[in-house]
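First comes the structure, then the notes that go with it.
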Amino acid sequence: MTDTTPPAVETTIAGLRSRLDAARAAGSTVALVPTMGSLHDGHLALVEHAREVADVVIVSVFVNPMQFGPAEDFDRYPRDLTADRDALAGHGVTAVFAPAVDEMYPSGPVQTRVSAGAVGGLYEGRSRAGHFDGVLTVVAKLLGIVQPHIAVFGEKDAQQVFLVQRMVRDLDIRTRIEVVETVRAHDGLALSSRNAYLDERHRRAARAIPQALEAAQSAADRGIDAIVAAAQGVLMGASEVELDYFAVVRPDTFQSVDDDHRGPARALIAARVGTTRLIDTELLHLG
Ligand code: PAF
């Protein structure tokens, strides 16, 4: 019978480490699913994957102040640990690691931080200065705390995934990064904790984002100009959607594709719908 008890919560690094030391001593492999909470089915897909590839699954729930700009939604970001634990019940999670900000940053802002480099300043990083340094620093800390064999991330945050994979390689961190496909709602919108900010009208308008990616996919065999025109055609008709960027990049470098690019390419989109900023992505194959 499936155990439907919500998973245990560890709020201290010491508590989590002693639990993990015991598991590792017993020969268990460990997977980490890093999250900021407000869990939805997209997160549960990451957890299901983690459970398939490791014996012990740790889900971290931490809204990381370092990755939010001063004018961003750190204060209003949804936080409900009870609901998160309930959502994880029956999913085979060993423990939730939910530290307070003081536990992760006991001396205030860290002196040593991970730099996301040039790619960290593109796309999301251009609109959200310092965001990826904050993401990489907290992910490096989480990997140091948990020392998982595997860490699982969602494809939707494609630039984050690229940068985490690069960090792990550059810093010789012994964790394998695995990526799980984006989960979409019935209307095509990628699941995101920030979808909760959308009222009904903006939710309807936000459908233009996955529709633009679908249009890009349909135009993929006609080259980059056709892809951009197809996506823009959809977005221009969406009055409530303010495009931040639409870009098509090489998956191996995250640089814009050349005009004559053939093969895999990743379409990236970020747009503001009302006051909510959403991102999405799709892997294309340029013929
Ligand atoms: O993708 C997220 O939820 C966050 O950026 C992460 C990876 C948990 C780091 O805070």
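In what follows, residues are counted from 1 in the order of the sequence shown. We count ligands from 1, going down the list as the structure has it; atoms in each ligand are counted the same way. Nothing here was measured: the structure is a model prediction, and the numbers come from that model. The basis for the numbers below is simple: all heavy atoms, side chains too, and nothing from hydrogens, waters or symmetry mates.
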What atoms in ligand 1 come closer than 4.0 Å to a heavy atom of [X]?
{"X": "Thr35", "answer": "8 (C)"}
{"X": "Val138", "answer": "9 (C), 10 (O)"}
{"X": "Pro34", "answer": "8 (C)"}

| Between Val57 and Val152, is any pair of side-chain heavy atoms under 4.5 Å apart? | no
| Is the shortest heavy-atom distance from the side chain of Ile224 to the side chain of Val248 under 4.5 Å? | yes
| said: Considering both backbone and side-chain atoms of Gln67, is one of its nitrogen or oxygen atoms within less than 3.5 Å of a nitrogen or oxygen in ligand 1? | reply: yes
| request: Report yes if Gln160 has an N/O atom closer than 3.5 Å to an N/O atom of ligand 1; otherwise report no. | output: yes
| note | Nearest non-hydrogen protein atom to atom 3 (O) of ligand 1, with distance, is Met36 CG, 3.6 Å
| said: Do the side chains of Arg194 and Asp73 get close enough for a salt bridge, i.e. N-O under 4.0 angstrom? | reply: yes
| field | Check ion pair Arg266-Glu155 (N to O, under 4.0 angstrom) | value | yes
| remark: Shortest non-hydrogen pair, Thr29 vs Asp55, comes out as N-OD2, 2.8 Å
